[in-house]
Amino acid sequence: MRALTYQGKRDVRMETVPDPRIQDPTDIIVKITSTGICGSDLHLYEVLGPYLDPGDILGHEPMGIVEEVGPEVHSVAPGDRVVIPFNVSCGHCYMCGQGLHSQCETTQVRERGSGAALFGYTKLYGQVPGGQAEYLRVPFGNDLPIKVPHGPSDDRFVYLSDVLPTAWQAVEYADIPPGGSVTVLGLGPIGAMAARIAIHRGAGLVIGVDLVPDRLDRASAYGATCLDLRRYGKGNDLGDAVRNLTDGRGTDAVIDAVGMEAHGAPVAKAAHAAVGLLPDKAAQRLMETVGIDRLTALHTAVDLVRRGGTISVSGVYGGSADPMPMLTMFDKQIQLRMGQANVKRWVDDLLPLLVDGDPLGVDSFATHHLPLEEGPQAYETFREKADGMIKTLLVP
């Protein structure tokens with residue numbers, strides 16, 4: 001089969017690789033019909049190369065048609081249409097029972113001290129082959145796949161793999177009071193969808209912050225009050241703008257949908273680049289002991305949130321020695337929630353919004369639909385934020 005594979009920093013290639021096969025009685029094989037490129041994939045493209053091997057298959061946002069099932073699979077059958085969550089979760093362990101599928105005890109990568117395995121996402125999370133390919137082996141075939149109806153286009157359902165549950169959890173964790181306010185930092189796919197979900201769930205004021213005009217325009221069209229980061233200099237200029245919109249307090253919540261990709265942190269950016277030049281083992285040791293992130297977005301969230309408010313972090317961070325303004329956080333009595341989305345936890349909330357209509361605008365959410373073979377160029381375009389690219393779906 002054909003698949004997008006990691007070959008080195010900023011080097012993703014299409015290759016012919018062996019077809020996946022049934023390995024366990026509850027495995028299924030899915031013929032992929034759509035697969036997304038996620039902002040998290042750029043972390044592999046740029047920063048997390050020390051945890052990848054050349055030839056690793058990327059991608060964790062797939063859906064498709066069941067091609068083959070193992071002898072103990074009874075919940076799906078060949079021909080069924082399914083979305084595959086990015087968490088590899090068993091559905092039966094203690095953590096899955098708590099709705100914490102991203103912490104699944106069956107697939108936790110204990111040798112790395114990490115949570116549940118993820119499709120297409122480094123040795124830290126199991127080095128499981130990903131879904132930017134023609135076919136995908138999916139374990140836990142009775143519990144992991146999300147069965148969806150035939151009929152609507154893939155765009156209606158594919159975001160159940162990551163974007164929708166990640167954004168929904170970000171809003172849930174933000175704990176916005178009825179009619180309350182939230183600032184969303186970063187209007188990429190997750191931030192943009194989180195803004196739509198917050199509005200759908202009754203937030204009175206949703207402020208979106210970004211510096212890419214296309215992203216700002218899209219969020220404004222869906223009802224967000226958008227602030228162009230390019231208009232605000234150093235200091236508290238952005239904070240003052242948010243406080244001016246909220247009676248001087250700041251918003252009830254802030255969603256950090258940016259993570260380690262934040263602008264405005266040249267020292268951490270240089271450190272990321274330096275780590276990428278080291279041999280893999282040395283780079284891993286450095287990242288796991290003294291690694292730092294570009295924390296501009298998270299520090300901004302601390303400034304923007306009102307006293308007693310909540311910060312919800314959905315953007316990915318990877319540093320182990322990140323300095324945080326604990327004095328300010330304690331003084332402002334800030335609540336902080338974060339973590340990988342527990343995809344299966346939110347399916348029952350989300351699926352009715354996709355079957356009965358399209359209140360979140362998923363049908364038109366993708367800005368680009370491209371053949372899988374054009375994946376390498378799509379990665380580069382996405383990294384450069386060029387051609388109006390905000391969300392891309394690849395079609396094998």
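These numbers were taken from a predicted model, which means no experiment stands behind them.
- A donor and an acceptor atom, one from each side chain of D80 and H150, are nowhere located under 3.5 Å apart.
- Residues E15 and R2 are not paired through a salt bridge, judged by the lack of any N-O separation under 4.0 Å between the basic side chain and the carboxylate.
- The pair K391-E61 meets the salt-bridge criterion, with a side-chain N (NZ, NE, NH1 or NH2) lying under 4.0 Å from an Asp/Glu carboxylate O.
- Looking only at side-chain heavy atoms (C-beta outward), V254 and V302 stay at 4.5 Å or farther from each other.
- Counting side-chain heavy-atom gaps under 4.5 Å among Ile, Leu, Val, Met, Phe, Trp and Tyr, the cluster of L100 also holds Y94, M95.
- Although no hydrogens or angles enter the test, the distance criterion places no donor-acceptor pair under 3.5 Å between the side chain of K332 and the main chain of G309.
- In this structure, R81 pairs ionically with D154, as a charged nitrogen and a carboxylate oxygen lie closer than 4.0 Å.
- Counting only distance, with no hydrogens or angles, the side chain of R218 and the backbone of I390 share no donor-acceptor pair below 3.5 Å.
- Atom-to-atom distance recorded for R156:CZ and L354:CG is 7.0 Å, nearest 0.5 angstrom.
- The closest donor-acceptor contact from the side chain of D24 to the backbone of T26 lies at 3.5 Å or more, if one exists at all.
- Hydrophobic clustering keeps V88 apart from Y51 (ILVMFWY residues linked when any side-chain heavy atoms are closer than 4.5 Å, directly or through intermediates).
- Looking only at atom types and distance, the side chain of Y125 has no donor-acceptor partner in the side chain of Q108 under 3.5 Å away.
- Between K385 and D210, no side-chain nitrogen of the basic residue sits less than 4.0 Å from a carboxylate oxygen of the acidic one, so the salt-bridge criterion is not met.
- L136 and V148 are assigned to two separate hydrophobic clusters, defined by single-linkage of ILVMFWY side chains at heavy-atom distances under 4.5 Å.
- Between atom CG of residue L229 and atom CZ of residue R215 there is a gap of 12.0 Å, rounded to the nearest 0.5 Å.
- Cation-pi geometry between R196 and Y222 is satisfied (NZ or CZ under 6.0 Å from the ring centre, within 45° of the ring normal).
- Among Y379, Y6, F382, the single residue meeting the ring-ring contact (aromatic ring centres under 6.0 Å, His included) criterion with Y45 is Y379.
- Contact check for L394 versus L4: side-chain heavy atoms found under the 4.5 Å cut-off.
- With salt bridges taken as basic N to acidic carboxylate O contacts below 4.0 Å, one links D331 and R307.
- When hydrophobic clusters are built by joining Ile, Leu, Val, Met, Phe, Trp and Tyr residues whose side-chain heavy atoms come closer than 4.5 Å, directly or via intermediates, Y121 is not grouped with V138.
- Taking hydrophobic clusters as Ile, Leu, Val, Met, Phe, Trp and Tyr residues chained together by side-chain heavy-atom distances below 4.5 Å, L160 does not share a cluster with V30.
- Checked by atom type and distance alone, the side chain of S161 pairs as donor or acceptor with a backbone atom of V158 at under 3.5 Å.
- Side-chain N or O atoms of S220 include none that pairs as donor or acceptor with a backbone N or O of C226 at under 3.5 Å.
- At a threshold of 4.5 Å between side-chain heavy atoms, the hydrophobic network of Ile, Leu, Val, Met, Phe, Trp and Tyr places L372 and Y135 in two separate groups.
- Using a 4.5 Å cut-off on side-chain heavy atoms (C-beta onward), D240 and V242 make no contact.
- In this model, no donor atom of one side chain and acceptor atom of the other lie less than 3.5 Å apart for S102 and N87.
- More than 12 heavy atoms of other residues, nucleotides or ligands lie within 6.0 Å of CD in Q23, so this atom counts as buried by the packing criterion.
- Not a single donor-acceptor pair under 3.5 Å links the side chain of D252 to the backbone N or O of I176.
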- Task: Take T310 and V305, measure what side chain to side chain contact (heavy atoms under 4.5 Å, CB included) needs, and give me the verdict at the end.
- Result: CA-CA 7 Å; T310 302; V305 72; 5.7 Å; no
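- A donor-acceptor pair under 3.5 Å is absent between the side-chain atoms of D247 and the main chain of R249, judged by distance alone.
- Side-chain contact, Q169 with N342: a donor N or O sits under 3.5 Å from an acceptor N or O.
- Relative to the ring axis of W168, R201 places its NZ or CZ within 45° and under 6.0 Å from the centre.
- Screening D41, T5, V12 for a side chain to side chain contact (heavy atoms under 4.5 Å, CB included) involving Q132 leaves a single residue, D41.
- Of the charged side-chain nitrogens involved, at least one lies within less than 4.0 Å of a carboxylate oxygen, so that D303 and R243 count as a salt-bridged pair.
- In summary, the side chains of S312 and R337 do not present any donor paired with an acceptor at a separation below 3.5 Å, with no hydrogens or angles considered.
- The side-chain hydrogen bond (donor to acceptor under 3.5 Å, both in side chains) check on Y173 picks up nothing, with sequence neighbours excluded.
- A donor-acceptor pair is defined here as one N or O able to donate and one able to accept, closer than 3.5 Å; no such pair exists between the side chain of S181 and the backbone of L205.
- Using modelled atom types, no side-chain atom of S89 and backbone atom of G91 make a donor-acceptor pair closer than 3.5 Å.
- Taking the side-chain hydrogen bond (donor to acceptor under 3.5 Å, both in side chains) definition, one finds that Q127 meets it with D53, D56, sequence neighbours left out.
- With respect to the salt-bridge test (charged N to carboxylate O, under 4.0 angstrom), the residues R21 and D19 do not qualify.
- T246 and T251 share no donor-acceptor pair across their side chains, judged by distance under 3.5 Å alone.
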- Could you walk me through whether F119 and H60 pass ring pair (Phe, Tyr, Trp, His ring centres under 6.0 Å), step by step? CA-CA 5 Å; F119 285 105; H60 59 270; 9.3 Å; no
